[in-house]
A.B. asks: 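I'd like to ask you about the structure that follows.
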Amino acid sequence: MQLLDGTSCSQEIRQEIAEQVKTITKNGDRPPHLAAVLVGSDGASQNYVAWKVKDCEEVGFASTTIRMNESTTEDELLAKIDELNTDENIDGFIVQLPLPAHIDENKIILAIDAKKDVDGFCPENIGNLCLGLPTFISATPNGIMELLRRYNIETKGKNCVVLGRSNIVGTPMAILMSRNTNPGNATVTLAHSRTENLTELCASADILIVAIGKTEFVTAEMVKEGAVVIDVGQTRVTDASKKSGFRNVGDVDFDNVKEKCSFISYTNGGVGPMTRASLLQNTLKAHQRR
Ligand code: GUN
């Protein structure tokens, strides 16, 4: 079993990006600039945004965090998006999800200019992804593709099961894995909560990508001997023994599954750092496309 080390892969990517930023600024241009909008005080979201800012600093990007109260109205958030869409000094921005329940996430995503949608969530970017046209690929699926690429994992002709059909991860992941690319060219099944015979289906997968948001949902009997297992899950559970008071638990029962795998990613240091590195790649792309 080999661990898919997203921490070291993402470090390589950040170094590559930092080199490109040096060239950009040496040529007299300003560095790429990412903005993040954070509405409310969700603990996990605050951490994610803080990491994104730290990543920007590390590679030499400019970054701006816009904090808005939990009680921010949909119109106020839309006005902020309008501002960011037209701000020439900002190459790309994200609105951290989830948003408070009184705000319609779809309405917000639709308001983001596709050229600045470095999350790759808006219809134009998802449509381009489906058509194989240049686009911003959403960060988590893109990070997983990068992990597969950097570990030279053969995907062509393999059975790939993607567990979870979210707009952010499962759906774009299934599209990417089925495309005529490397990695890609897999035979993909997009499975979800209504899928029948899930255990048998997962156990037939050469590559199992799990983004279902249920802690330790994938058990050893659901995994084929020699499979590649990628765990996107990161659920916070209370843990009094930790200084933070919580720990992150994945969607895969790692301890019991790992011995069956050829490659496996662990919740911490697996997909998460790759997602963050992909956001930097998209921001660099947005800067180049200006
Ligand atoms: N919440 C969880 N993952 C993401 C992400 O990739 N982008 C944004 N904007 N919000 C998220």
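As the structure is a prediction and not an experimental result, all values here were calculated from the model.
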A.B. asks: Does the Thr64 side chain pair with the main chain of Ala35, one donor and one acceptor, at a distance under 3.5 Å?
C.D. replies: no
A.B. asks: Would you say Leu34 ends up clustered with Ile108 if hydrophobic residues are merged whenever their side chains have heavy atoms under 4.5 Å apart, either directly or through other cluster members?
C.D. replies: no
A.B. asks: For Arg67, does the CZ atom sit with more than 12 other heavy atoms under 6.0 Å from it, leaving out its own atoms?
C.D. replies: no
A.B. asks: Check the pair Ile230 / Phe263 against side chain to side chain contact (heavy atoms under 4.5 Å, CB included), numbers first and verdict last.
C.D. replies: CA-CA 8 Å; Ile230 296 182; Phe263 293 91; over 6 Å; no
A.B. asks: Can you tell me how far NE2 of His192 sits from OG of Ser166, rounded to the nearest 0.5 angstrom?
C.D. replies: 12.5 Å
A.B. asks: What distance do Leu147 atom CG and Ser10 atom OG have between them, rounded to the nearest 0.5 Å?
C.D. replies: 9.0 Å
A.B. asks: Linking Ile, Leu, Val, Met, Phe, Trp and Tyr by side-chain heavy atoms under 4.5 Å, what else ends up with Leu133?
C.D. replies: Leu131
A.B. asks: Closest approach of Leu280 and Asp55, non-hydrogen atoms and distance?
C.D. replies: CD1-CB, 3.8 Å
A.B. asks: Below 4.5 Å, heavy atoms only, C-beta onward: do Met274 and Ser265 meet side chain to side chain?
C.D. replies: no
A.B. asks: Other members of the hydrophobic cluster containing Val237, with the 4.5 Å side-chain heavy-atom rule, please.
C.D. replies: Val249
A.B. asks: Side chains of Thr189 and Asn159: closer than 4.5 Å at any heavy-atom pair?
C.D. replies: no
A.B. asks: Contact between His287 and His33 at the side-chain level, heavy atoms closer than 4.5 Å - yes or no?
C.D. replies: no
A.B. asks: Is there any ring pair (Phe, Tyr, Trp, His ring centres under 6.0 Å) pair reaching into residues 115-156, and which pairs are they, with sequence neighbours excluded?
C.D. replies: none
A.B. asks: What are the two closest heavy atoms between Pro31 and Val21, and how far apart are they?
C.D. replies: CB-CG1, 4.2 Å
A.B. asks: For Val53 versus Ser63, what's the shortest heavy-atom pair and its separation?
C.D. replies: CG1-OG, 3.7 Å
A.B. asks: Can you sort out the partners of Glu221 under salt bridge (Lys or Arg N to Asp or Glu O under 4.0 Å), two or more places apart, ordered by chain and number?
C.D. replies: none
A.B. asks: For the residue pair Thr155 and Pro183, what are the closest heavy atoms and their distance?
C.D. replies: OG1-CA, 3.5 Å
A.B. asks: Calculate, to the nearest 0.5 Å, the distance between atoms CZ and NZ belonging to Arg290 and Lys116 respectively.
C.D. replies: 10.0 Å
A.B. asks: What pairs meet the salt bridge (charged side-chain N to carboxylate O under 4.0 Å, His left out) rule with one or both residues in residues 30-51, with sequence neighbours excluded?
C.D. replies: Arg30-Asp91
A.B. asks: Which residue pairs pass the salt bridge (charged side-chain N to carboxylate O under 4.0 Å, His left out) test when at least one of the two sits in residues 123-149, sequence neighbours left out?
C.D. replies: Glu146-Arg149, Glu146-Arg150
A.B. asks: I need the Ile112 CD1 to Leu78 CG distance, nearest 0.5 Å.
C.D. replies: 10.0 Å
A.B. asks: Above 12 or not: heavy atoms from other molecules or residues under 6.0 Å from NZ of Lys115?
C.D. replies: no
A.B. asks: Mind checking side chain to side chain contact (heavy atoms under 4.5 Å, CB included) for Glu259 and listing every partner two or more places apart, or none if nothing turns up?
C.D. replies: none
A.B. asks: What residues join Trp51 in its hydrophobic cluster, counting side-chain heavy atom gaps under 4.5 Å, either direct or through other members?
C.D. replies: Tyr48
A.B. asks: Could you give the distance from CD1 (Ile109) to CD1 (Ile94), rounded to the nearest 0.5 Å?
C.D. replies: 11.5 Å
A.B. asks: Test side chain to side chain contact (heavy atoms under 4.5 Å, CB included) on Lys258 and Cys261 and set out the steps.
C.D. replies: CA-CA 5 Å; Lys258 67 178 193 292; Cys261 300; 5.5 Å; no
A.B. asks: Shortest non-hydrogen contact from Pro141 to Val169?
C.D. replies: CG-O, 3.8 Å
A.B. asks: Count the heavy atoms of every other residue, nucleotide or ligand shown that sit under 6.0 Å from CG of Asn180, and state whether that count exceeds 12.
C.D. replies: no
A.B. asks: For residues 224-239, which residue pairs pass the salt bridge (charged side-chain N to carboxylate O under 4.0 Å, His left out) check, not counting sequence neighbours?
C.D. replies: Asp206-Lys224, Asp239-Arg247
A.B. asks: Is the backbone N or O of Phe246 less than 3.5 Å from a side-chain atom of Ser244, with the two atoms forming a donor-acceptor pair by type?
C.D. replies: yes
A.B. asks: Using the rule given for side chain to side chain contact (heavy atoms under 4.5 Å, CB included), can you reason through Val232 versus Asp251, listing the C-alpha separation, both sets of side-chain angles and the distance that settles it, and then say yes or no?
C.D. replies: CA-CA 7 Å; Val232 181; Asp251 290 354; 5.6 Å; no
A.B. asks: Let me see the working for Lys22 and Glu19 under salt bridge (charged side-chain N to carboxylate O under 4.0 Å, His left out), right down to the final yes or no.
C.D. replies: CA-CA 5 Å; Lys22 276 187 202 146; Glu19 286 305 315; 3.5 Å; yes
A.B. asks: Take Val188 and Met173, measure what side chain to side chain contact (heavy atoms under 4.5 Å, CB included) needs, and give me the verdict at the end.
C.D. replies: CA-CA 10 Å; Val188 181; Met173 191 75 242; over 6 Å; no
A.B. asks: Please determine which of Val95, Leu77, Thr73 meets the side-chain contact (heavy atoms from CB on, under 4.5 Å) test together with Ile103.
C.D. replies: Leu77
A.B. asks: If the condition is side-chain hydrogen bond (donor to acceptor under 3.5 Å, both in side chains), which residues does Lys80 pass it with, not counting sequence neighbours?
C.D. replies: Glu83
A.B. asks: I need the minimum non-hydrogen distance between Arg165 and Ser193, along with the two atoms involved.
C.D. replies: NH2-OG, 3.9 Å
A.B. asks: Which pairs count as salt bridge (charged side-chain N to carboxylate O under 4.0 Å, His left out) when at least one residue sits in residues 191-200, sequence neighbours excluded?
C.D. replies: none
A.B. asks: Hydrophobic clusters join Ile, Leu, Val, Met, Phe, Trp and Tyr when side-chain heavy atoms are under 4.5 Å apart, directly or via other members; which others share one with Val218?
C.D. replies: Met1, Leu3, Val161, Leu163, Leu198, Leu201, Leu208, Val210, Ile212, Phe217, Met222, Val223, Val229, Val252, Phe254, Val257, Ile264, Tyr266
A.B. asks: Can you tell me how far the CE atom of Met177 sits from the CD1 atom of Ile207, to the nearest 0.5 Å?
C.D. replies: 4.0 Å
A.B. asks: Do Asp253 and Thr219 get their side chains close enough for a donor-acceptor pair, meaning under 3.5 Å?
C.D. replies: no
